[in-house]
Amino acid sequence: MRLVTQRVYMNRCNCRDSRQVTLDRDFNVPDAKPDALSIMKEQGNIQIEEVHMADGKASVKGELTFQILYAVDGEMPVSEMNGAIPFEEMIPLSCADRDDELTVNATIEDLRSELINSRKLGLKAILNLEVAAETVCDGEGAVDVEDSENVFFQKKTLDISRLAFTRKDTLRVRDEWKIPGTKDSIGQILYSNIQLGEINTRMEENSLRVDGQARIFIIYLSDSEEPEMNYYENIIPIEGNLDCGGCDSSMVAQVITGIHSRDLEIKEDEDGESRVLDVELVLDFNIKVYGQEQLELLTDFYSTREICKPVYEDSYFENLLVQNKNRIRISGKISLDNRVPLQIWDVSGEVRIDRKEPKENGMEVEGIVDVSILYRTEDSRIPLASAKGTLPFSQFVEAEGMDENSNVWFQASLEQINGNITNDKEIEIKAVAALEIVAFERIEEPIIADFECEPIDWKARSREPGMVGYVVQAGEELWDIAKRFFTTKEAIMEMNEMEKEQVKEGEILLVLKEVTPS
């Protein structure tokens, strides 16, 4: 007799923890840059460089890269300053193993800059590092018995998710535009900002299809004898296919996307004017693909010709409950200072999550959209002004079947944001945020890993009564009684003229006992 086993590769989350990191650093304005008059806006991006286990803790090394736009009192109205703050954090993961794969979801919870003096700027940031220790494990279990007669077995069908594909990849996107004739040609770029917008992914045959967009915004000085400040914005279409060999359209992808690098270049058009803007983006993709299948596990078996005892081990499986991207509309008004807005140049924002609490059939999410606005004013000395504000939101993200024990992956992103001048004191903001959740049911199931057999003492059994009356005990099924007496369910049903397998506690059944090995 031999057990037939089947392996299912799964991405098991052994433990997860998070840590807030506070960064506070002062930076001198480079000598080549003009004096700072006031801070207008800041933006940041987290780059994770190294993650590894050390003494029960996850060591996370990375850096916060930042870009600060500031006002200048002079011929050049604005300037930008770039820099980076390195960090290294130890996050306890008591249930993790040194061979586990560590996944870091890093977000900026708060980012603020301040003007210390005209040659020194301060930057403060609060980062949230959520680390998950995951194992690609074998959910191996017995599914059948071979090479044995007179063996009877029970099976159970499980709906499970198997890890079909995991990979980190990049997608290179390139586009170029000609600055319209209504705007000045580009002499010098003073500031540039590229933000990802709506990104959609779907599985296809052997590939992951990516469709979406990014928004580019630049402030520049014109290429003229008396340079003037102007701006340009456009949408970068993102589309492409990433190789996912062995996958198909029925599978579900969990994808984390970010900007790895960017490159801007000014080119001349056919008339020799600097009107062509060439942009190249490299996007990072962290991909996990899951396939759904049914696993028919062997839960028990016995033989009518020998004593067989299954040996059980605990095994772990996961089953995808839901993948849901919930888009919510957020609106509100941002107050301005005393400067009257003539034209909105740029509206950008980031989603900050303050609280996420798993609930039955979903997750309660609270957060804000951190808004930054650049607008043109009547002040010829400082023609560009900025305003900042926050728009709070709360949302219940539905995930049917989810509970506090589910393995949940969550991410939030800002897909759209724009502004409209309502009066001299306020700008109305409308935004669309995407809250994406992937929830897995945790299944812990005892599986048959081995078995032990020994001969039946047929001489001893021959001395026992050939037929017995058996009283059904609480919780027993017909299977349990047949196994106990080395017979079959069908034999008991025939002896007792039963039409159905169901038995009741206290019911008396006649059982004819086998007394020979033949």
So the salt bridge (Lys or Arg N to Asp or Glu O under 4.0 Å) pairs with at least one residue in residues 367-376 (sequence neighbours excluded) are Arg112-Asp370, Arg352-Asp370
Flag the pair Lys356 and Glu364 as a salt bridge only when some basic side-chain nitrogen lies within less than 4.0 angstrom of an acidic carboxylate oxygen.
no
Which pair of non-hydrogen atoms, one from Val29 and one from Ser118, has the smallest distance, and what is that distance?
CG2-O, 4.0 Å
Can you tell me if Asn193 and Gln67 form a side-chain donor-acceptor pair at under 3.5 Å?
no
Looking at Lys57 and Asp55, is any side-chain nitrogen of the basic one under 4.0 Å from a carboxylate oxygen of the acidic one?
no
Carboxylate-amine/guanidinium contact Asp284 Lys168, below 4.0 Å:
no
Applying side chain to side chain donor-acceptor pair (under 3.5 Å) to Ser113 and not counting sequence neighbours gives Glu42
What pairs meet the side chain to side chain donor-acceptor pair (under 3.5 Å) rule with one or both residues in residues 321-332, with sequence neighbours excluded?
Glu198-Arg327, Asn200-Arg327, Arg327-Glu415
Could you list the residues that satisfy side chain to side chain donor-acceptor pair (under 3.5 Å) with Ser348, not counting sequence neighbours?
Lys41
Residues forming a ring-ring contact (aromatic ring centres under 6.0 Å, His included) with Phe440, sequence neighbours excluded:
Tyr290
Can you tell which of Val104, Asp17, Thr103 makes a side chain to side chain contact (heavy atoms under 4.5 Å, CB included) with Val131?
Val104
Phe396 and Val365: side-chain contact (heavy atoms from CB on, under 4.5 Å), yes or no, with the steps?
CA-CA 6 Å; Phe396 181 76; Val365 179; over 6 Å; no
Of all heavy-atom pairs linking Met251 and Gly246, the shortest is CE-O, 3.9 Å
Does Glu366 CD have over 12 foreign heavy atoms under 6.0 Å away?
yes
Going by an N to O cut-off under 4.0 Å, is there a salt bridge joining Glu357 and Arg355?
yes
Asn105 and Gln411: CA distance, side-chain angles, deciding distance, side-chain hydrogen bond (donor to acceptor under 3.5 Å, both in side chains) verdict:
CA-CA 9 Å; Asn105 184 21; Gln411 75 170 357; over 6 Å; no
So which atom in Leu321 and which in Gly401 form the shortest heavy-atom distance, rounded to 0.1 Å?
CD1-O, 3.5 Å
Can you confirm whether Lys267 is buried at NZ, in the sense that more than 12 heavy atoms of other residues, nucleotides or ligands lie under 6.0 Å from that atom?
yes
Within 45 degrees of the ring normal and closer than 6.0 Å to the centroid, is that where the cationic atom of Lys183 sits relative to Tyr231?
yes
Test: Asp403 and Lys359 ion pair at under 4.0 Å:
no
Checking Gln292 against Ser161: is there a side-chain donor and acceptor pair closer than 3.5 Å?
yes
What do you reckon, is NZ of Lys388 surrounded by more than 12 foreign heavy atoms closer than 6.0 Å?
yes
Are any non-hydrogen side-chain atoms of Trp345 and Ile219 less than 4.5 angstrom apart?
yes
Identify the heavy atoms of Thr390 and Ile334 that sit nearest to each other, and give their distance.
N-CD1, 4.1 Å
State whether the number of non-hydrogen atoms from other residues, nucleotides or ligands found under 6.0 Å of His260 atom NE2 is greater than 12.
no
Minimum heavy-atom distance Leu336-Asp424, with the two atoms named:
CD1-O, 4.0 Å
Residue pairs involving residues 227-253 (criterion salt bridge (Lys or Arg N to Asp or Glu O under 4.0 Å); sequence neighbours excluded)
Arg167-Asp243, Arg209-Glu239, Arg215-Glu233
When you compare the side chain of Leu283 with that of Leu196, does any pair of heavy atoms fall below 4.5 Å?
yes
Could you go through the side-chain contact (heavy atoms from CB on, under 4.5 Å) check for Thr170 and Phe285 one step at a time?
CA-CA 6 Å; Thr170 58; Phe285 290 86; 5.9 Å; no
Applying side-chain hydrogen bond (donor to acceptor under 3.5 Å, both in side chains), run through Asp159 and Gln294 and close with a yes or a no.
CA-CA 5 Å; Asp159 292 321; Gln294 286 189 326; 3.1 Å; yes
Under-4.0 Å salt bridge between Arg19 and Glu89
yes
Using a cut-off of 6.0 Å, state whether more than 12 heavy atoms not belonging to Glu404 lie near its atom CD.
no
Taking atom types as modelled and ignoring hydrogens, do the side chains of Glu318 and Asn407 form a donor-acceptor contact shorter than 3.5 angstrom?
yes
Are there over 12 heavy-atom neighbours, none belonging to Glu428, within less than 6.0 Å of that residue's CD?
yes
Can a side-chain donor-acceptor contact be found between Tyr232 and Asn234 if the only test is distance below 3.5 angstrom?
yes
Can you see whether Gln195 engages Glu350 through a side-chain donor-acceptor pair at a distance of less than 3.5 angstrom?
yes
Does Gln343, at its CD atom, have more than 12 non-hydrogen atoms belonging to other residues, nucleotides or ligands within less than 6.0 Å?
yes
Side chains of Asn128 and Gln20: do they bring a donor and an acceptor to under 3.5 Å?
no
